[in-house]
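The next block holds one structure in the form of structure tokens; read it before the comments.
Along the sequence shown, the residues carry numbers beginning at 1.
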Amino acid sequence: MNKEYLLDKSAFTSLPTSFRVIGIGEATKEIIEKVKAYGYDCVSATVLNEPFECVPTDEDKMVIIVAKDNETRANSIAKLFHDAGVLTIGLLDNADLECYDGVVVETSRAEYPDLIKALLQPIATQGMIAYDFSDLQTTLADAKHFFIKSATGHGNERVAEAVGHIKSSLSSSMLETIRRISILLYFNKEGEQPLLMQEMTVLTEFLKELPENIEVIWALYPDVTIEEHGIKLSVIAARKENIK
């Protein structure tokens, strides 16, 4: 808990773009603009229009394909990246699962910008507990289906509040489908209420309550956009391959 990785953000600016968000068609323009506004280094966000041509590069590590229509085109582009060994994530209906490592479920299109942020933030920002692209890749690779749940908490019981919301959103039947899970806790390091060790007890108890067969990775991140007395908890859960 007390190990902190202090890296100069400028060290990231010289790195090549490794993570791409590709919107298929003009219908995704608003989503892509929101992703651009996050301002993450090593992330590119583009809208792809006719003739919908796009190929992976040697620098690509992950691509997120977003579509509201043109699903067939989206699937064909995704297949190029997936076949090239790029972690390929789909946010769309009617996805061909053979073209993706993971496709999001349990969501609506209105949530797409927040879901994309939940995927990018832990690998494009600096954490206090080590978590990087390899951890996200371990969580999602070849899972075929995954979902993301997020919750916030405030005040003295903020962690307990957020954990309670997450627990209530995960039914016992849903837990049975989970194969791997990443749990990411965000707090405002610059706020007047520091995150205390005793606050983390409720989170560690939650981890102990998870079925033993679920592989768990968790991490801690500072985030100045969080309210000073609040925290955010995000869960990225990969489901078993035979779940529809």
>> Pair V105, F146 - check side-chain contact (heavy atoms from CB on, under 4.5 Å), show working.
In response: CA-CA 6 Å; V105 294; F146 73 97; over 6 Å; no
> Can you list the steps and then say if I183 with I166 is a side-chain contact (heavy atoms from CB on, under 4.5 Å)?
Replying inline: CA-CA 10 Å; I183 298 176; I166 292 294; over 6 Å; no
>> Walk me through whether V55 and E53 qualify under side-chain contact (heavy atoms from CB on, under 4.5 Å).
In response: CA-CA 7 Å; V55 295; E53 293 179 354; over 6 Å; no
>> Using the rule given for side-chain contact (heavy atoms from CB on, under 4.5 Å), can you reason through L120 versus M62, listing the C-alpha separation, both sets of side-chain angles and the distance that settles it, and then say yes or no?
In response: CA-CA 10 Å; L120 293 175; M62 181 179 74; 3.7 Å; yes
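We find the NZ-NE2 distance between K240 and H145 to be 14.5 Å, quoted to the nearest 0.5 Å. Atom OG1 of T28 sits about 11.0 Å away from atom CG of L91, to the nearest 0.5 Å. Put simply, OG1 on T152 and CD1 on I231 are 7.5 Å apart, with the number rounded to the nearest 0.5 Å. In this structure, the separation between CG on L185 and CG on L233 is 6.0 Å, given to the nearest 0.5 Å. For the atom pair CG (L184) and OG (S150), the distance works out to 8.5 Å, reported to the nearest 0.5 Å. Note: K149 NZ to T107 OG1 = 8.0 Å, rounded to the nearest 0.5 Å.
Here S172 pairs with nothing under the side chain to side chain contact (heavy atoms under 4.5 Å, CB included) rule; sequence neighbours left out. Under the rule for a salt bridge (Lys or Arg N to Asp or Glu O under 4.0 Å), D114 has no partner lying at least two apart in sequence or in another chain. In this view, D58 satisfies the side chain to side chain contact (heavy atoms under 4.5 Å, CB included) rule with no residue, not counting sequence neighbours. In this structure, the side chain to side chain contact (heavy atoms under 4.5 Å, CB included) partners of D69, at least two apart in sequence or on a different chain, are A27. By the side chain to side chain donor-acceptor pair (under 3.5 Å) test, T204 pairs with no residue at all, sequence neighbours left out. Partners of N94 under the side chain to side chain contact (heavy atoms under 4.5 Å, CB included) rule, at least two apart in sequence or in another chain, are E71. Judged as a salt bridge (Lys or Arg N to Asp or Glu O under 4.0 Å), and not counting sequence neighbours, the contacts of E106 are R239.
Applying the salt bridge (Lys or Arg N to Asp or Glu O under 4.0 Å) test to residues at least two apart or on different chains, none of the pairs has a partner in residues 116-138. Listed by first and then second residue, the salt bridge (Lys or Arg N to Asp or Glu O under 4.0 Å) pairs involving residues 151-167 are R158-E199, K167-E209 (not counting sequence neighbours). Contacts classified as ring-ring contact (aromatic ring centres under 6.0 Å, His included) and involving residues 147-167 (residues at least two apart or in different chains) are not found. Under the ring-ring contact (aromatic ring centres under 6.0 Å, His included) criterion, the residue pairs touching residues 182-212 are Y186-Y221, with sequence neighbours excluded. Applying the ring-ring contact (aromatic ring centres under 6.0 Å, His included) rule to pairs touching residues 31-82 yields Y38-Y40, sequence neighbours excluded.
Taking each heavy atom of Y100 and A95 in turn, the nearest pair found is CE1-CB, 3.9 Å. Taking each heavy atom of F133 and L87 in turn, the nearest pair found is CE1-CD2, 3.8 Å. V43 approaches A124 most closely through the heavy-atom pair CG2-CB, 4.4 Å. In terms of heavy-atom proximity, C54 sits nearest to R20 at SG-NH2, 3.3 Å. Counting all heavy atoms, side chain and backbone alike, L119 lies closest to I64 at CD1-CD1, 4.0 Å. Contact detail for N188 and V224: the closest heavy-atom pair is ND2-O, 3.4 Å.
Under the 4.5 Å side-chain contact rule for hydrophobic residues, L92 and L80 do not share a cluster.
D101 has its side chain out of reach of L140: every pair of non-hydrogen atoms, C-beta onward, lies at least 4.5 Å apart. You'll find the side chain of I31 reaches within 4.5 Å of the side chain of I116, heavy atoms only. Taking 4.5 Å as the limit, every side-chain heavy atom of T88 sits out of range of all side-chain heavy atoms of C99.
Of the listed residues (K189, Q121, K232), just one forms a side chain to side chain donor-acceptor pair (under 3.5 Å) with D223, and that residue is Q121. None of E190, M128, Q126 except one satisfies the side-chain contact (heavy atoms from CB on, under 4.5 Å) rule with P222; the exception is M128.
Residue E30 places its CD atom among 12 or fewer non-hydrogen atoms of other residues, nucleotides or ligands, all under 6.0 Å distant. Other residues, nucleotides and ligands place more than 12 heavy atoms under 6.0 Å from the CD atom of E50. At most 12 non-hydrogen atoms from other residues, nucleotides or ligands lie less than 6.0 angstrom from NZ of K29. Surrounding CG of D93 are more than 12 heavy atoms belonging to other residues, nucleotides or ligands, all under 6.0 Å away.
Checking side-chain atoms of R73 against main-chain N and O of I24 turns up no donor-acceptor pair under 3.5 Å. Judged purely by atom type and a 3.5 angstrom limit, N75 uses its side chain to pair as donor or acceptor with the backbone of D96. With R180 contributing its side chain and A141 its backbone, the two residues share a donor-acceptor pair below 3.5 Å. For Q193 (side chain) and G155 (main-chain N/O), a donor-acceptor pair under 3.5 Å exists by modelled atom type.
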